[in-house]
Amino acid sequence: MTEGTTTAAAESGDTLTRLEQEGEIAADYLEGLLDIADLDGDIDMDVEADRASVSIVSESARDLAKLVGRDGEVLEALQELTRLAVHRETGDRSRLMLDIGGFRAKKREELAALGAQASADVKASGEPLKLAPMTPFERKVVHDAVAAAGLRSESEGEEPQRFVVVLPA
């Protein structure tokens, strides 16, 4: 192995170790929250796309619905609190992704379909298409779907009214 390859492999291993540590810290924090709220749930950890991913799963979907909130508002707040807990422990900004009861995974599928449909509409019309305001997570999923369809997209506006514009080729 060359020195550059060895260095890259070491950095990759260091990154994986750091992301696993983020997941462990987040899991401990979320376990504490579940205990305080007296809610049942299991914590699953993974590393996806260069970020730690933590999911809370339970057989009692009703309990977890409280943690998701309307349109995922509580989930977004819990994700931010969990990122802050990780930051407090590590000193580094976290890009950790939290899912509760599969809400975010389902939302990702819906948004990918929206991005694909918007791309098809723009290809057919040749006109830019503005979508409804979205969270940063939602915009990212749509941007990825549009790119996969071979088109470009941009975000416009100011939070919380920031939205995606799908552009013709």
Side-chain angles (χ1 to χ4, degrees), residues 12 15-16 18-27 29-30 33 41-58 61-87 90 92-169:
S12 176
T15 299
L16 182 60
R18 183 181 51 79
L19 293 175
E20 288 171 345
Q21 178 190 19
E22 282 187 22
E24 291 287 339
I25 294 167
Y29 177 76
L30 292 166
L33 283 177
D42 295 322
I43 310 287
D44 290 335
M45 295 177 295
D46 200 2
V47 174
E48 299 173 359
D50 293 333
R51 68 172 54 187
S53 175
V54 179
S55 300
I56 301 175
V57 293
S58 174
R62 201 173 99 225
D63 280 351
L64 294 185
K66 296 173 188 174
L67 296 176
V68 172
R70 187 176 58 109
D71 295 327
E73 290 172 342
V74 176
L75 169 60
E76 291 290 335
L78 286 173
Q79 177 175 277
E80 198 56 36
L81 288 171
T82 304
R83 286 177 174 175
L84 288 170
V86 170
H87 180 264
T90 65
D92 295 326
R93 182 179 172 272
S94 174
R95 295 178 53 236
L96 176 129
M97 198 61 120
L98 175 63
D99 192 4
I100 299 175
F103 176 84
R104 200 176 290 275
K106 181 181 174 195
K107 189 77 168 173
R108 182 179 283 124
E109 289 176 14
E110 293 170 357
L111 290 164
L114 172 66
Q117 182 59 53
S119 297
D121 292 349
V122 169
K123 283 180 181 178
S125 72
E127 296 294 320
L129 177 63
K130 293 180 181 181
L131 302 177
M134 299 177 189
T135 67
F137 160 76
E138 293 169 336
R139 290 193 308 270
K140 168 80 168 93
V141 174
V142 171
H143 285 305
D144 290 348
V146 170
L151 294 180
R152 291 183 314 110
S153 58
E154 298 174 350
S155 292
E156 293 183 5
E158 298 293 323
E159 295 292 352
Q161 296 300 313
R162 199 156 168 80
F163 58 93
V164 173
V165 179
V166 181
L167 304 167

Considering only distance and modelled atom types, tabulate donor-acceptor pairs under 3.5 Å from the side chains of residues 132-143, sequence neighbours left out.
residue: T135; atom: OG1; partner: E138; partner atom: N; Å: 3.2
residue: T135; atom: OG1; partner: E138; partner atom: OE1; Å: 3.4
residue: E138; atom: OE1; partner: T135; partner atom: N; Å: 2.8
residue: R139; atom: NH1; partner: M134; partner atom: O; Å: 2.7
residue: R139; atom: NH1; partner: E159; partner atom: OE2; Å: 3.1
residue: R139; atom: NH2; partner: E159; partner atom: OE2; Å: 2.8
residue: K140; atom: NZ; partner: D144; partner atom: OD1; Å: 3.0
residue: K140; atom: NZ; partner: D144; partner atom: OD2; Å: 2.8
residue: H143; atom: ND1; partner: S153; partner atom: OG; Å: 2.5
residue: H143; atom: NE2; partner: S155; partner atom: OG; Å: 2.8

note = Heavy-atom closest pair (A145 atom, A116 atom, distance to 0.1 Å) is CB-N, 4.1 Å
request  = Output all residues satisfying side chain to side chain contact (heavy atoms under 4.5 Å, CB included) with V47, sequence neighbours left out; order by chain, then residue number.
outcome  = L16, L19, E20
query = What is the minimum heavy-atom distance between G41 and S58, and which atoms define it?
reply = CA-CB, 4.0 Å
query = Who passes side chain to side chain contact (heavy atoms under 4.5 Å, CB included) against D71, sequence neighbours left out?
reply = none
key: Close side-chain approach of Y29 and V86, heavy atoms under 4.5 Å   = no
note = Applying side chain to side chain contact (heavy atoms under 4.5 Å, CB included) to D42 and not counting sequence neighbours gives V57
Pairwise distance CG(L111) to CZ(R108) - rounded to 0.5 angstrom = 9.0 Å
Side-chain donor-acceptor contacts of residues 93-102 below 3.5 Å, not counting sequence neighbours, with atom names and distances?
residue: S94; atom: OG; partner: E22; partner atom: OE1; Å: 2.9
residue: S94; atom: OG; partner: L96; partner atom: N; Å: 3.0
residue: R95; atom: NH1; partner: D50; partner atom: O; Å: 3.3
residue: D99; atom: OD1; partner: F103; partner atom: N; Å: 3.1
residue: D99; atom: OD1; partner: R104; partner atom: N; Å: 2.7
residue: D99; atom: OD2; partner: A105; partner atom: N; Å: 3.3

task = Quick one: list whatever passes side chain to side chain contact (heavy atoms under 4.5 Å, CB included) with E110, sequence neighbours left out.
result = K106, K107
note = Minimal heavy-atom distance between A85 and I25, with the atoms involved, is O-CG2, 4.1 Å
query = Considering only heavy atoms from C-beta outward, does the side chain of L151 approach that of V122 to under 4.5 Å?
reply = yes
Flag side-chain contact, heavy atom, 4.5 Å: I43 against I56 = yes
key: Residues which pass salt bridge (Lys or Arg N to Asp or Glu O under 4.0 Å) with R152, listed by chain and number, not counting sequence neighbours   = E154
message = I'd like to check the salt bridge (Lys or Arg N to Asp or Glu O under 4.0 Å) partners of E73; sequence neighbours left out, ordered by chain and number.
response = R70
request  = Determine which pairs satisfy salt bridge (charged side-chain N to carboxylate O under 4.0 Å, His left out) with at least one residue from residues 115-129, sequence neighbours left out, and list them in order.
outcome  = none
note = Heavy atoms of V146 and G115 approach each other most closely as CG2-O, 4.0 Å
inquiry  = So, using salt bridge (Lys or Arg N to Asp or Glu O under 4.0 Å) as the criterion, who are the partners of E80 when residues are at least two apart?
reply    = R83
